[in-house]
Undergrad: 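The structure follows.
As the structure lists them, so they are numbered: ligands from 1, and atoms in each ligand from 1.
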Amino acid sequence: MKKFFARFKSLPLKTRQLLILGTTLALVVALPLFIWAILTQRFELRERAATGEPTPTPAGTSVNWQTPYAYFRADNFRIVANGKTFYANVSSPISVHSDPGSPTYTTLEVIWQENGVEMRLFIYFNSDGQKWWSPEIRIYDGKTPSNWITFKGKVFESNLGSEYTQTIPGGFVQMDPSTGKEIASVHFSNLRVQAFTSLTPVTPTPTPSAFYQKLKFKLKFAGVDDDSADGAKIRIRFLRGASGFDRQTPPVEVTHVGDGVYETVVSLAGSSLQIPVNDGYTIFIKGEKHLARRFCSHNQKTRCTGNGFFYIGATSIPSIQTFDLTGLPLEPGDLPPQDGKADSADFAKITSLFTKLCSALTEEEKKTADLDYNGCVNIRDAFLMRKTLEVKFDEY
Ligand SMILES: [Ca+2]
Ligand SMILES: [Ca+2]
């Protein structure tokens, strides 16, 4: 590389430009790179190597500068400034420090004496909690008194907790834009850099993804064989004893779908799962004037106790999971206002309305005591109530 630079510099400016623009390099690739180099006054050799230019192995020193906050390890390291080459392989002590800074800022600062002057390599680092990089590198200009030469631009970018590596020769060159001559350069190969070495990445926020958890419930009301209970409301409770999960829906309307079967679809689609995907769920259905019914499995025909076996899933595409609970109709008995039990107080609400004509019943009274949804409160409702009272327990 040294040879290449030397040869390069010895040519007249015009020839040099011709060399750059007219060699084997594809014009479309080379020109933007060259312009970029002048504009930023920096040229990363990695880019050049990618275009197919020769990259002779430069001479230099193997360095390993490390602090609790950052390290810089490289072979063939050298700085060229003020016409002198600084190899940092001096016998006098080399000072290596870091500004501890913060989780978003730190430095690696190397200072040594060579060629009768002080040389410095200061690397500044930033991090956003996910990645780290260097926004700026500075060296001394090799003169007395010394002045900084600054290379600006994002380099050495890597994930927090990971080092940046570059085996091929690389570095930074500052050119004089008016003369086209090199002012200073930093050279290395087999580079390994890492900053914020004591930090590990913060856990990334999970990307919200859409979940579909559409649950369809099919059920029956005791004493109702037609569509007369259309629009009745139920609440559905999901209990998973093993994990303590226990949620219930607000009252949801059911729709008659034929033969006394009613349906409701609970859509829990959204950005997060409302019911964890698992098995072992017990499902309770509580009708608006019914005792809660406990369900442990699909097509259940008899009362169950203990934990259920329902699996509740979720998908990333629209789908519906159906729960057939028609084997055990909901039993009326806990009349509004509900108190979780069917008792003589509920029974009294029915009998007190026996004397009223169907046409004289208010909507409120029908809502309360018309257990079979036929529009009247009569002996049939009392019969349904009595049947429930034989069992009595609310399973919610
Ligand atoms: Ca009651
Ligand atoms: Ca009735």
Side-chain angles (χ1 to χ4, degrees), residues 217-239 241 246-264 266 282-296 300-306 308 323 325-396:
F217 298 87
K218 297 165 88 79
L219 52 100
K220 281 183 167 179
F221 296 102
V224 183
D225 299 324
D226 56 13
D227 64 354
S228 47
D230 231 3
K233 288 180 176 171
I234 60 166
R235 279 178 291 147
I236 305 161
R237 177 183 166 201
F238 304 92
L239 175 73
D246 190 357
R247 301 272 173 82
Q248 70 169 347
T249 68
V252 290
E253 276 192 15
V254 297
T255 307
H256 184 249
V257 292
D259 297 325
V261 175
Y262 289 80
E263 268 184 17
T264 192
V266 177
T282 311
I283 293 171
F284 300 81
I285 308 288
K286 174 85 173 169
E288 58 192 2
K289 38 195 159 189
H290 305 77
L291 281 177
R293 176 69 89 186
R294 180 192 199 106
F295 293 95
C296 299
Q300 184 181 321
K301 299 275 195 302
T302 55
R303 184 174 169 250
C304 73
T305 55
F323 299 82
L325 310 177
T326 55
L328 273 179
L330 301 189
E331 292 185 314
D334 187 12
L335 279 48
Q338 294 184 312
D339 61 359
K341 58 188 180 193
D343 56 17
S344 56
D346 297 296
F347 198 77
K349 288 173 194 168
I350 298 168
T351 53
S352 69
L353 293 169
F354 268 11
T355 52
K356 268 202 166 183
L357 292 171
C358 301
S359 56
L361 288 170
T362 65
E363 282 306 310
E364 190 65 29
E365 286 166 339
K366 281 194 266 191
K367 233 180 177 174
T368 302
D370 181 11
L371 302 194
D372 63 358
Y373 295 88
N374 74 341
C376 299
V377 177
N378 55 27
I379 192 71
R380 218 177 118 75
D381 301 302
F383 174 75
L384 280 170
M385 181 73 211
R386 220 188 125 249
K387 230 182 141 189
T388 303
L389 283 173
E390 287 169 9
V391 186
K392 218 170 187 172
F393 40 78
D394 187 292
E395 297 178 322
Y396 214 46

Undergrad: Tell me, please, if N374 has any N/O/S atom, main chain or side chain, under 3.0 Å from the Ca ion (ligand 2)?
TA: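 Within the cut-off used here (under 3.0 Å), N374 does place an N, O or S atom near the Ca ion (ligand 2).
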Undergrad: Donor-acceptor pair, distance only, cut-off 3.5 Å: does the side chain of K349 make one with the backbone of T368?
TA: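 Answer holds: no.
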Undergrad: Given side chains that start at C-beta, do those of L219 and F323 come closer than 4.5 Å, heavy atoms only?
TA: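 The answer is no, as the side chains (C-beta and beyond) never meet within the 4.5 Å cut-off.
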Undergrad: Which single N/O/S atom of D370 lies at minimum distance from the Ca ion (ligand 2)?
TA: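 Result: OD1.
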Undergrad: Return all protein N, O or S atoms below 3.0 Å from the Ca ion (ligand 1), chain by chain in residue order.
TA: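 Within the sphere that stays under 3.0 Å of the Ca ion (ligand 1), the protein atoms of type N, O or S are D334 OD1, D339 OD1, K341 O, D346 OD1, D346 OD2.
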Undergrad: Is there a side-chain contact between K286 and Q338 (heavy atoms, below 4.5 Å)?
TA: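 Result yes, sub-4.5 Å side-chain heavy-atom pair found.
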Undergrad: Report yes or no: does K289 contribute a side-chain atom to a donor-acceptor pair with the main-chain N or O of K367 at less than 3.5 Å?
TA: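 At least one qualifying donor-acceptor pair exists.
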Undergrad: Does the T264 side chain pair with the main chain of E253, one donor and one acceptor, at a distance under 3.5 Å?
TA: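 Side chain of T264 to backbone of E253: a pair is present.
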Undergrad: Less than 4.5 Å apart, side chain to side chain, heavy atoms only: is that true for D372 and D381?
TA: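 Contact flag for D372/D381 side chains = yes.
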Undergrad: Within the distance-only criterion (no hydrogens, no angle test), does the side chain of Q300 pair as donor or acceptor with the backbone N or O of G327 below 3.5 angstrom?
TA: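 Not a single qualifying donor-acceptor pair exists.
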Undergrad: If you stand at the Ca ion (ligand 2) and look out to O of C376 and OD2 of D381, what angle do those two lines make, to 10°?
TA: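 That angle works out to 70° after rounding to 10°.
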Undergrad: If you look at D372, which of its N/O/S atoms is nearest to the Ca ion (ligand 2)?
TA: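 Of the nitrogen, oxygen and sulfur atoms in D372, the Ca ion (ligand 2) lies nearest to OD1.
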Undergrad: Between R293 (side chain) and P329 (backbone), is there a donor-acceptor pair under 3.5 Å?
TA: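 Judged by distance alone, yes, a pair lies under 3.5 Å.
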